[in-house]
Amino acid sequence: MLQFIRKEVHAHLTERRIRRTRLVTKDGHCNIEFGNVAYHSHFAYLMDFWTTFVEIRWRFVILSFVAAFTGSWFVFGLLWYFIAKSNGDLEEKNVHDGHLKCIESINGLTSAFLYSLETQTTIGYGGRALTGHCAETVALLVVQSLMGAIINCFMCGLILAKISLPKNRAKTVTFSDTAVICMKNESLCLQIRVANLRKTLLIGSHVYGKLLKTSVTLEGEPIILDQVNVDFLVDAGKDNLFFVCPLTLYHVIDSSSPFSKMTADTVQQQDIELVVFLEGMAESTSSSCQVRTSYIPCEIQWGYCFLPIISRTKGGKYRVDFSNFSKTIPVPTPHCPSCYRNDLNKDIGLHQRGQQGIDNPGFEVVTMENLVENMQM
């Protein structure tokens with residue numbers, strides 16, 4: 001029992017350390033903070049108050065919703081109470097003296113608050129009402145009705161905008177837990193998987209990557225978070241992806257690739273982070289969205305390939321087995337990009353990590369069980 005607890009604590013601390021060291025988390029959030037921001041810059045958030053409200057957390061949106069309505073009811077309730085009190089409507093001696101009231105059935109602060117609530121929400125129970133003898137009550141009724149309409153429009157628009165944020169659509173797009181480096185089309189490639197969990201497409205999808213690392217210029221100046229472009233492709237190109245089923249994206253590791261100097265033994269020692277972006281337009285809402293994830297060296301497997309997940313059943317349907325989405329198997333892979341490019345060392349440069357894998361049979365009528373069995377033979 002003690003050993004199990006020690007193992008869980010170690011795994012938790014390792015996960016926290018990994019989360020702190022990466023710029024982009026696996027779910028796409030940026031791990032960055034801004035320090036020593038000028039005080040006057042904070043007012044820029046108030047000037048762009050709509051974006052500020054849309055981006056705040058739901059707990060603060062709900063708090064703002066409750067505070068906006070209850071606050072306006074209370075403030076206008078005080079104004080109704082002040083008008084009634086200044087007109088003498090609250091004095092009992094004026095009840096039977098033929099006194100002309102401004103508001104009927106207002107006898108205290110609580111009843112004034114209830115009248116304010118009934119006015120702004122247009123409930124109108126009928127017990128409390130204006131008499132029309134005071135001009136200030138008519139003006140205040142118009143002002144409160146307009147303010148209530150403005151608050152309703154703002155809050156309804158805010159909640160609708162929060163619900164329809166493009167990042168919510170991005171939550172149904174997922175990447176594989178790890179990236180792999182293996183052979184593809186006679187080239188050494190880095191591969192990742194991405195899947196759209198909804199049946200609606202992402203129109204005009206395209207994918208690209210950035211390799212983040214610390215570099216030093218020729219003048220000796222260190223550059224933290226230096227960004228290097230990483231081009232990803234699928235067999236049909238890199239733009240306007242037909243994103244109806246999970247895709248395997250690959251980056252060819254050639255002489256111009258930032259991975260060209262790495263080997264199977266040194267990739268785990270690199271201080272790098274691969275950030276992958278997928279952008280597209282939701283078919284149902286026509287809103288653009290971006291999905292992000294990242295891979296650090298411990299999440300890059302050299303000498304492995306993904307298990308196949310797409311098969312065709314005997315009933316004629318295409319089936320996606322997500323249980324194999326992030327699973328990998330070892331395959332023969334060159335120890336380094338230069339080993340494969342060197343024809344003399346091509347045969348001896350294979351970094352054997354396991355048994356020979358097979359290609360996905362694609363659209364052949366075969367079940368997923370047969371695919372897995374064939375890859376394990």
Side-chain angles (χ1 to χ4, degrees), residues 37-169 282 284-289:
V37 179
Y39 178 76
H40 61 82
S41 299
H42 295 289
F43 291 100
Y45 294 100
L46 298 179
M47 297 298 295
D48 187 16
F49 68 92
W50 175 252
T51 304
T52 301
F53 273 96
V54 170
E55 292 181 348
I56 60 176
R57 296 181 179 272
W58 270 107
R59 62 177 71 98
F60 298 113
V61 172
I62 300 301
L63 180 61
S64 301
F65 183 90
V66 174
F69 283 102
T70 56
S72 62
W73 297 337
F74 181 74
V75 170
F76 281 102
L78 291 177
L79 296 177
W80 291 118
Y81 176 79
F82 176 76
I83 292 176
K85 184 176 183 180
S86 61
N87 192 54
D89 297 346
L90 306 181
E91 299 179 7
E92 296 182 0
K93 63 180 181 180
N94 295 331
V95 175
H96 304 289
D97 295 344
H99 175 71
L100 297 177
K101 293 185 176 182
C102 291
I103 310 171
E104 290 287 348
S105 302
I106 293 292
N107 51 23
L109 185 59
T110 302
S111 59
F113 175 79
L114 293 175
Y115 177 71
S116 175
L117 188 152
E118 295 168 10
T119 300
Q120 191 164 327
T121 57
T122 66
I123 296 176
Y125 291 119
R128 286 173 284 270
L130 296 182
T131 61
H133 297 294
C134 302
E136 59 271 21
T137 58
V138 177
L140 185 59
L141 178 65
V142 172
V143 172
Q144 184 172 6
S145 299
L146 293 176
M147 287 298 299
I150 293 174
I151 294 176
N152 283 333
C153 292
F154 182 83
M155 287 300 169
C156 290
L158 175 60
I159 293 177
L160 180 61
K162 288 283 290 184
I163 294 175
S164 59
L165 280 177
K167 65 180 182 180
N168 295 328
R169 176 63 178 89
S284 55
T285 61
S286 299
S287 58
S288 300
C289 64

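From a predicted model like this one, the values you see are computed outputs, not experimental measurements.
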Practice task
May I ask you to test the Leu100-Thr131 pair for a side-chain heavy-atom distance under 4.5 Å?
Solution key: no
Practice task
Classify the ring geometry between Phe53 and Phe49 as parallel (under 30°), tilted (30 to 60°) or perpendicular (over 60°).
Solution key: perpendicular
Handout entry: Euclidean distance, Asn152 CG relative to Met147 CE, rounded to 0.5 Å
Key = 11.0 Å
Exercise for the section: List in chain and number order the residues that pass side-chain contact (heavy atoms from CB on, under 4.5 Å) with Ala67, two or more places apart in sequence or in another chain; answer none if no residue qualifies. Expected result: none
Exercise for the section: Would you name the heavy atoms of Ala68 and Met155 that are closest together and state the gap between them? Expected result: CB-CE, 3.6 Å
Practice task
Verify side-chain contact (heavy atoms from CB on, under 4.5 Å) between Ile106 and Ile83, making sure each step is shown before the conclusion.
Solution key: CA-CA 10 Å; Ile106 293 292; Ile83 292 176; over 6 Å; no
Exercise for the section: With the side chain counted from C-beta on, respond yes when Trp73 and Thr119 share a heavy-atom pair under 4.5 Å apart, and no when they do not. Expected result: no
Practice task
Quick one: do His133 and Cys102 satisfy side-chain contact (heavy atoms from CB on, under 4.5 Å)? Show the steps, please.
Solution key: CA-CA 6 Å; His133 297 294; Cys102 291; 5.8 Å; no
Handout entry: Ser105 to Ser111 - nearest heavy-atom pair and separation
Key = O-CB, 4.0 Å
Practice task
Provide the closest heavy-atom pair for Ser116 versus Ser72 in the form atom of the first, atom of the second, distance.
Solution key: OG-O, 4.2 Å
Handout entry: Aromatic ring pairing Trp50/Phe154, orientation class (parallel under 30°, perpendicular over 60°, tilted between)
Key = perpendicular
Problem - Rounded distance [0.5 Å steps], CG in Leu63 versus CZ in Arg57 - result: 14.5 Å
Practice task
Could you walk me through whether Phe65 and Ile151 pass the side-chain contact (heavy atoms from CB on, under 4.5 Å) test, one step at a time?
Solution key: CA-CA 9 Å; Phe65 183 90; Ile151 294 176; over 6 Å; no
Problem - Near-ring test Phe76/Tyr115, centroid separation under 6.0 angstrom - result: no
Exercise for the section: Flag the pair Leu78 / Tyr81 as yes when at least one side-chain heavy-atom distance between them is below 4.5 Å, and no otherwise. Expected result: no
Practice task
Indicate the atoms forming the closest heavy-atom contact of Thr137 with Cys134, along with that distance.
Solution key: OG1-O, 2.6 Å
Practice task
Go through the side-chain N and O atoms of Ser145 and Gln120 and say whether any donor and acceptor fall under 3.5 Å apart.
Solution key: no
Exercise for the section: Rounded to the nearest 0.5 Å, what's the gap from NZ on Lys162 to CD1 on Ile62? Could you check? Expected result: 9.5 Å
Problem - Ion pair check, Arg128 and Glu104, cut-off under 4.0 Å - result: no
Practice task
For residues Trp80 and Leu114, determine if any side-chain heavy atom of one lies less than 4.5 Å from a side-chain heavy atom of the other.
Solution key: no
Fill in the blank from the handout: Heavy-atom nearest pair, Ile56 first then Thr52, reads CG2-O, 2.9 Å
Problem - Separation between SG of Cys153 and CG of Leu158, rounded to the nearest 0.5 Å - result: 12.5 Å
Problem - Worked verdict on Phe82 versus Lys85 for side-chain contact (heavy atoms from CB on, under 4.5 Å) - result: CA-CA 5 Å; Phe82 176 76; Lys85 184 176 183 180; 5.8 Å; no
